Student: 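Handing you this structure, nothing more for now.
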Amino acid sequence: MPRTCAACNEPLEEGTGTCTACGNAPKRAVRKNGVLAFVVAIPLLFLNPPIGVILAIVGLFVLLGSWFVSPMGQVAGSNSRS
């Protein structure tokens, strides 16, 4: 099964993180959200420490999770090679 973009269904090159046809880059979007969580968490660490710590942890998980995001659509059974 060929790899296709989740947004435009164009074929993807092997090992790419961005669709060349439409520019779909979910890894970049997830990283932006993780950084945003950290930026918001910094002042909250001083204003409301428990919420700031929780938000910083969530931001860390989002940044670490961005490693596993790809522009390919998630289809059940797509990992099996026939």
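From a predicted model like this one, the values you see are computed outputs, not experimental measurements.
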Student: Would you say Leu36 and Ile57 are hydrophobically clustered, going by side-chain heavy atoms of ILVMFWY under 4.5 Å?
Tutor: no

Student: Considering non-hydrogen atoms only, spot the tightest contact between Cys8 and Ala21 and give its length.
Tutor: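 It is SG-CB, 4.2 Å.
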
Student: Please assess Thr18 against Asn24 for the test side-chain contact (heavy atoms from CB on, under 4.5 Å), listing each intermediate value before the final yes or no.
Tutor: CA-CA 6 Å; Thr18 304; Asn24 181 25; over 6 Å; no

Student: Group every Ile, Leu, Val, Met, Phe, Trp and Tyr by side-chain heavy-atom contacts under 4.5 Å, then state whether Leu64 and Phe38 land in the same group.
Tutor: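 Yes, Leu64 and Phe38 fall within the same hydrophobic cluster.
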
Student: State, to 0.1 Å, how close Gly52 and Ala41 come at their nearest heavy-atom pair, and which atoms those are.
Tutor: O-CB, 3.6 Å

Student: What is the distance from atom CD1 of Ile54 to atom CG of Asn48, rounded to the nearest 0.5 Å?
Tutor: 9.0 Å

Student: Given Val53, which partner from the list Leu44, Val58, Leu45 fulfils the side chain to side chain contact (heavy atoms under 4.5 Å, CB included) test?
Tutor: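 So, applying the side chain to side chain contact (heavy atoms under 4.5 Å, CB included) to Val53 and each of Leu44, Val58, Leu45, only Leu45 qualifies.
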
Student: Starting at CD of Glu10, measure out to SG of Cys22 and round the result to the nearest 0.5 Å.
Tutor: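 One gets 8.0 Å once the value is rounded to the nearest 0.5 Å.
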
Student: With rounding to the nearest 0.5 angstrom, report the OG to CZ distance, Ser66 to Arg31.
Tutor: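 Reported to 0.5 Å precision, the distance equals 4.5 Å.
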
